[in-house]
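Read the numbers this way: they start at 1 and go in the same order the structure lists the ligands and their atoms.
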Amino acid sequence: MHEKIIDLRSDTVTKPSAAMRRAMAEAEVGDDVYIEDPTVNRLQSRAAEIFGREAGLFVPSGSMGNLTCIMAQASRGQEVICEAAGHIYNYEMAAMSAIGGVLPRVVPAEDGIMTWEQIAPAIREKAYYRPQTALVALENTHNMAGGTVYPTRLGHKICDQAHEAGLKVHLDGARVFNAAVHLGENVAEMTKKFDSVQFCLSKGLGAPIGSMIVGSRDFIERCRVIRKTLGGGMRQVGVIAAAGLVALEEGPKRLHIDHDNAKILAEGLAKIARIRISPEKVQTNIVIFDLGETGLTSKQFLERLAQRKVLGGPVDARRIRMVTHLDVDRNDIEQALKIIGEVVVAGF
Ligand code: TLP
């Protein structure tokens, strides 16, 4: 009997490694609200260095990182252009509006990848009696489109055109290192034209908590004020930043394994009758598939899988998301595929 729970709900579920726990136990700490935590300061400088920016800021979550960047660049009553299936629009508690007073203006795009031609018509005319567009927000990789990757040239073009139109551009780069591994490029080059970048330490990179914002020194100082306003001023948080440093140095090196496992999962799913998926579309560590003709709803399917110790998450009533990460290996994927096949056959 296979006892391990194979948790494919998200890459957020990973537990800190032994090296991370050691680093956490030994971390030098201070009060970060006084900017005196040496470990946090080291993490922030290292993140800035990796992204070729002047400064970085440690935040408790990706959601707070995105909200902070939005509030630093869009005022109450202004608009942010974002993709219709994007995380900031669908999974961040409408915080940009509820807290920031900013309105999302959504643009649906195939595979979650917006082009400038789709963005341009959503920009408001400059008129005092209309809300004004302040910001464009991209998501790379795009989570709910199945971990899709922005071609770097397209990201650069959107930034150039947006700047010409007087807009700022934010990158929700929660999984930007997955995008970099897929493209074989480095994150500094990929993101250099964005005004702000948020990336997560707590997803594929494996840290238990935390995200980073990187940008200009002036921008980061404004973000520090907003972070405090949001209740995100933390104290001896070097104990967490220490795990973040390990994640930042070690995490990116092994993401290709997650991508290979996602491919194996997608190809295996494609062989299961009645499930619909295009494995060639899987670029990184996220696999989304349609229950197609299985006759099962997402809820039924996930409940039956959970009884067999395999966990996934729903995208909607018919689609399932599974995410590979450092706590699942190739054997787990093969075991998950076997169980999914049996659940589908039994359900029909
Ligand atoms: N994504 C989570 C869920 O909220 C859906 C996940 O399991 O994938 N941007 C993107 C693109 C994200 O995928 C997430 C988290 C966030 C931002 C927010 O990060 P946290 O959870 O740290 O607030």
Sort and list the pairs that fulfil side-chain hydrogen bond (donor to acceptor under 3.5 Å, both in side chains) and have at least one residue in residues 190-200, not counting sequence neighbours. Asn66-Gln198, Gln73-Ser196, Asp160-Lys193, His163-Asp195, His170-Ser196, Asp172-Gln198, Glu189-Lys192, Gln198-Ser211

side-chain hydrogen bond (donor to acceptor under 3.5 Å, both in side chains) contacts in which one or both residues fall within residues 241-255, not counting sequence neighbours: Arg46-Glu249, Glu250-Lys253, Arg254-Asp258

Solution key, residues 231-240 side-chain donor-acceptor pairs under 3.5 Å, sequence neighbours excluded:
{"residue": "Arg235", "atom": "NH1", "partner": "Asp31", "partner atom": "OD1", "Å": "3.3"}
{"residue": "Arg235", "atom": "NH1", "partner": "Asp31", "partner atom": "OD2", "Å": "3.2"}

Do Asn261 and Asp329 have side-chain atoms, one donor and one acceptor, less than 3.5 Å apart? no

In Å, rounded to the nearest 0.5 Å, how long is the span from CG of Asn41 to CD1 of Ile35? 7.5 Å

Has Glu54 got more than 12 heavy atoms of other residues, nucleotides or ligands less than 6.0 Å from its CD? yes

With hydrogens left out, which residues have an atom under 4.0 Å from ligand 1, given that only heavy atoms count? Ser10, Ser61, Gly62, Ser63, Asn66, His87, Glu92, Glu139, Asn143, Asp172, Ala174, Arg175, Lys203, Arg321

